[in-house]
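Working notes for the structure below.
No experiment lies behind these values; they were computed from the predicted model shown. Convention: sequence-line order gives letters A, B, ...; per-chain numbering from 1.
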Protein chains: 2
Amino acid sequence: MLYDVLRHVRPLVLNSARVVETSLRFDDLTVGMRAVLEVLAEQGPLTVPVIGDRLDLARQGIQRHVNDLIDRGLAESRPNPAHRRSVLISTTPAGAALFARIRAGELARLGTMAAECGIEEITTALRVLAALHRDIREEAGRS
Amino acid sequence: MLYDVLRHVRPLVLNSARVVETSLRFDDLTVGMRAVLEVLAEQGPLTVPVIGDRLDLARQGIQRHVNDLIDRGLAESRPNPAHRRSVLISTTPAGAALFARIRAGELARLGTMAAECGIEEITTALRVLAALHRDIREEAGRS
DNA sequence: TCAGTCATGACAACAATGATGTCATGCCGA
DNA sequence: TCGGCATGACATCATTGTTGTCATGACTGA
């Protein structure tokens, strides 16, 4: 049963990435940059390794996305009072505004989907996914 | 709410791919080859374009995985009675046996996960994911 | 204080994979 | 029969996750 859940999520991620990507292309963004922008917009200034933890990705790849965002003026680095080398990354006003617009568009599209599912069903799905994610994440960490 | 579902599935896919990949590395397989092998093992002989439809991927990429599988003796092509050029791809006995072993291992690992979720909750999650997948797939197809 | 260890940024190389384009050829419907 | 389409085969490219390296700052324990 969980096996069928996992079988569904891969094409789901693929297709949602495609949908998101076509919208993003207009703004010259990639899905990776969008993911980093989301974390920055929601969780305030963070260091690159911390962003990697949030997204379950290595810091090296995050660094690329952050550099790309800075090049586009969507993110900026500020001094980290707790660490001289490890700077804090945050969105610029332009980056925050862009991500707000992107998310609004995505929410509008999502609003029409899975219409037959009630809020309690979606909540249940979210809980199952969170539990599965937690345990698979732990299993992945063992390697 | 659906937004939070989508936010969970991406790292979930990433981490499950990592877990699966470490097991697969032992057999010199990639996740792409494993995905094709799964479709072949479950849905009998199929043409390359049909496999692509099942996985929501372009036939060109599938062709690479199929060629790799054939190189390893895990899949083979047989004449297609309905089409002279478009051959049918099927698993070899070795391929079927390998995938059965792989899946057994994966199921064993999955058995310990999301233990606090009941069968009806997982069923609900599956239904929500299927509905979301269906609508996002349609949205992706429009581009 | 000092030495060893770790975290971090910066940079590089690589592999997997999905996207895209092309071309020749077989298939199918008008 | 002819034109459009599907298919295999081949090629190229971009994204992205992985891995390794190195210098430097931070931290910990003796």
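- The CG atom of B:D68 sits 12 Å away from the C1' atom of C:dT17 (whole-angstrom rounding).
- A straight line from CG of B:L88 to C1' of D:dT7 spans 13 Å, rounded to a whole angstrom.
- Nearer the 5' end of DNA chain C, as judged by each residue's closest nucleotide, is the contact made by A:V87, out of A:V87 and A:L14.
- For the pair A:I136 and B:M113, the minimum side-chain heavy-atom distance is below 4.5 Å.
- Residue A:G32 is classed as a sugar-phosphate contact, given heavy-atom separations below 4.0 Å to backbone atoms only.
- Counting heavy atoms from C-beta on, the side chains of B:E106 and B:R34 come closer than 4.5 Å.
- Nucleotide C:dA7 holds its C1' atom 16 Å from the CD1 atom of A:I62, rounded to whole Å.
- Of the listed nucleotides (C:dA10, D:dT16, C:dT20), C:dA10 has the atom at the smallest distance from the side chain of A:Q63.
- As a whole-Å value, the separation of B:N67 CG from C:dT17 C1' is 15 Å.
- We find that CG of A:N80 is positioned 16 Å from C1' of D:dT24, with the value rounded to whole Å.
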Practice problem: Summarise protein proximity over nucleotides 21-30 of chain C in one line of letters, 5' to 3': B for base, S for sugar-phosphate only, - for none, counting protein heavy atoms closer than 4.0 Å. | Solution: B--BBSSS--
Quiz prompt | Stepwise salt bridge (Lys or Arg N to Asp or Glu O under 4.0 Å) test for A:D53 and A:R59 | solution = CA-CA 8 Å; A:D53 289 341; A:R59 61 188 174 83; over 6 Å; no
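- Summarising the geometry, the separation between CZ on A:R18 and P on D:dT15 is reported as 16 Å, rounded to the nearest angstrom.
- Closest of all the heavy-atom pairs between B:T91 and B:L37 is CG2-CD1, 3.9 Å.
- Nearest nucleotide to the side chain of B:V48, out of D:dG8, D:dG17, D:dT19: D:dG8.
- One interatomic measurement links the two molecules: CG of A:D28 to C1' of D:dT15, which rounds to 13 Å at whole-angstrom precision.
- Both A:S86 and A:R25 lie near DNA chain C, and the one whose nearest nucleotide falls closer to the 5' end is A:S86.
- Interatomic distance, B:L2 CG to A:I122 CD1, rounded to the nearest 0.5 Å: 4.0 Å.
- A distance of 9.5 Å separates OG of A:S77 from CG of A:N67, quoted to the nearest 0.5 Å.
- Checking the phosphate oxygens (OP1, OP2) of D:dA11, no side-chain nitrogen or oxygen of B:R64 falls inside 4.0 Å.
- The CE-P distance, from B:M33 to C:dG18, rounds to 13 Å in whole Å.
- Using a 4.5 Å heavy-atom threshold, the side chains of B:S16 and A:H133 count as separate.
- Residues A:N15 and A:R18 bring a donor and an acceptor atom of their side chains to less than 3.5 Å of each other.
- Using a 4.5 Å heavy-atom threshold, the side chains of A:L126 and B:V128 count as separate.
- For A:T30, counting side-chain heavy atoms from C-beta on, the closest listed nucleotide (D:dT16, C:dG18, D:dG8) is D:dT16.
- Within 4.0 Å (heavy atoms only), B:R10 reaches sugar-phosphate atoms of the nucleic acid but no base atom.
- Of the inter-residue distances, the one linking A:R7 atom CZ with A:L12 atom CG reads 14.5 Å to the nearest 0.5 angstrom.
- In the helix from C:dT1-D:dA30 to C:dA30-D:dT1, the terminal helix axes, each the rotation mapping four pairs' C1' atoms onto the next four within five end pairs, subtend 40°, rounded to 10°.
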